[in-house]
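Note sheet for the following structure.
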Amino acid sequence: MTPWNPHTWQRFPAEQQPVYPDPTALEAVLARLRRLPPLVVPEEVDRLRGLLAEAAAGRRFLLQGGDCAERFQDCTPDAIEGKLRVLLQMSVALTHGGRKPVVRVGRIAGQFAKPRSRPTEFVRGQELPSYRGDLVNALEATPDARRPDPDRMLEAYFHAAATLNHLRALTAGGFADLHHPERWELPGGTGEVPAYHRTLDQVRESLDFLEALGGVQREALERIDFFTSHEALLLPYEAALTRWVPEAGAYYHLGAHTLWVGERTRQLDGAHLEYLRGLRNPLGVKVGPSATPEQVQTLLARLDPAREPGRITLITRFGAARIREALPPLLRAVQAAGHPVLWSCDPMHGNGAESAQGLKTRDFDAILAELRQAFELHGAAGSTLGGVHFELTGEAVTECTGGTQRLSEADLAKAYETGCDPRLNRAQSLEMAFLIAGMMRG
Ligand code: PEP
Ligand code: CO
């Protein structure tokens, strides 16, 4: 392999990059970012790699989720606590029902950039640069707002730091302790997701029993692992958060525990793969219908030459209508190449739809149908589905149709808040977790 450093990607074609009008201002921001402290430490990254290796072997289950794109304005205690709470609630449902410990990874504290299908769009007859996420420009449809601004990278770093700081304080401070009913109950009351209340009661009874036996340490329940992730999209930003770790003799990205490369930027000869291959972090790769078995084999040879468990999570996102034909050939190709990957299913990005009113949405049943098929197809191929990847929020938004609340297309306008893709709301997410737990038991 050719030598690598955090800048070798610059010699490769990079998709989805904005053009900054002032290169001097850009360089000043990057220089500042390189001097700021890392957001995570290598030991945490190594620990996550180990947990993902166990998930790949079927002994744990990965739950990855959060917003499609975080916005700076949503960096509030309520929004952060809501997302953490729903992920913890889902992981209780998955652990209890699926009988496996859950590895929790948020799409959070850095998920600020979005790939776009077109570099520009027309708004009221005017051609404007597309919104690429708060890391790059602003959503407001004016030429000023849409101009790429490098200062946004610093803002992103500080918003990520504030978000992560709050998450760390919550997870270290007993937020996850099941003995605090106010943190675990659903605001909608017992009717919202009935299975959840039964589970919570059972979990609490088991805990009381174990505590009575002296079998569990209170601290073990109060402290939980929670990891962060985002799409590695804006390469100058990611490179500036990359650090040499002498003890490990390796480069780590220390702006998040794990990064993934998106469906639109995983070209074999592209800059994103070149950047990612040199990192010690565990890496995710989104794989959609356009991926051929040979491409996936070449990609794995590039990113995982050592065939290391925990290194690569392949996140398939075919859509309910295509997974049956698309997944099996990839399963065979990866088995033949001998990479011990963790397979995860993103049932969101292949199931986009447009409502009659013109809103981007996704239907609960389509999401579920892709997941069911993923479990079946892995089972039939002697493979393991070891994780799931969701766009979700802790708030009571109305962006996806269906679920126990039976949201219809007409309901979507009530609380449609996403700046990007539609997310499962709290009740839909939790209901989904129970259904997944059932599939995990087979
Ligand atoms: C995403 O995860 O928000 C995304 C854009 O996914 P994909 O690259 O799979 O389309
Ligand atoms: Co998305």
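FYI, side chains are in, hydrogens and waters are out, and symmetry mates aren't considered; it's all heavy atoms of this structure. Start at 1 and go down the list; that is how both ligands and their atoms are numbered.
In terms of heavy atoms, Leu385 sits closest to Phe61 at O-CE1, 3.6 Å. Nearest heavy-atom pair across Val341 and Val334 is CG2-CG1, 3.9 Å. A pairwise comparison of heavy atoms in Asp421 and Glu391 identifies CB-OE1, 3.0 Å as the closest pair.
For ligand 1, the atoms lying closer than 4.0 Å to a non-hydrogen atom of Gly262 are 8 (O). In summary, the atoms of ligand 1 found under 4.0 Å from a heavy atom of Arg317, numbered by their order in the structure, are 7 (P), 9 (O), 10 (O). Against a heavy-atom cut-off of under 4.0 Å, Pro115 is close to the following atoms of ligand 1: 5 (C).
Note: Phe72 and Phe112 meet the aromatic proximity criterion, with ring centroids under 6.0 Å apart.
Proximity of Ala69 to ligand 1, defined as any heavy-atom pair under 4.0 Å, is not found for any part of the residue.
Residue Lys114 has at least one N or O atom closer than 3.5 Å to an N or O atom of ligand 1. The N/O atoms of Glu231, backbone and side chain alike, include none that comes under 3.5 Å of an N/O atom in ligand 1. Between Lys286 and ligand 1, at least one pair of N/O atoms sits closer than 3.5 Å. Between Asp421 and ligand 1, not a single N/O pair is under 3.5 Å apart.
Remark: of the listed residues Asn351, Thr398, Leu407, Thr401, Thr401 is the sole one forming a side-chain contact (heavy atoms from CB on, under 4.5 Å) with Thr361.
Using a 30° and 60° split on the angle between ring planes, Tyr275 and Trp4 fall in the tilted class, from 30° to 60°.
You'll find the side chain of Met153 reaches within 4.5 Å of the side chain of Leu26, heavy atoms only.
In this structure, Met348 falls outside the shell of residues with a heavy atom less than 4.0 angstrom from ligand 1. Contact analysis leaves Gln111 out of contact with ligand 1, as no non-hydrogen atom separation drops below 4.0 angstrom.
Angle OD2(Asp421) to the Co ion (ligand 2) to SG(Cys68), rounded to 10°: 90°.
No other N/O/S atom of Glu391 lies as close to the Co ion (ligand 2) as OE2 does.
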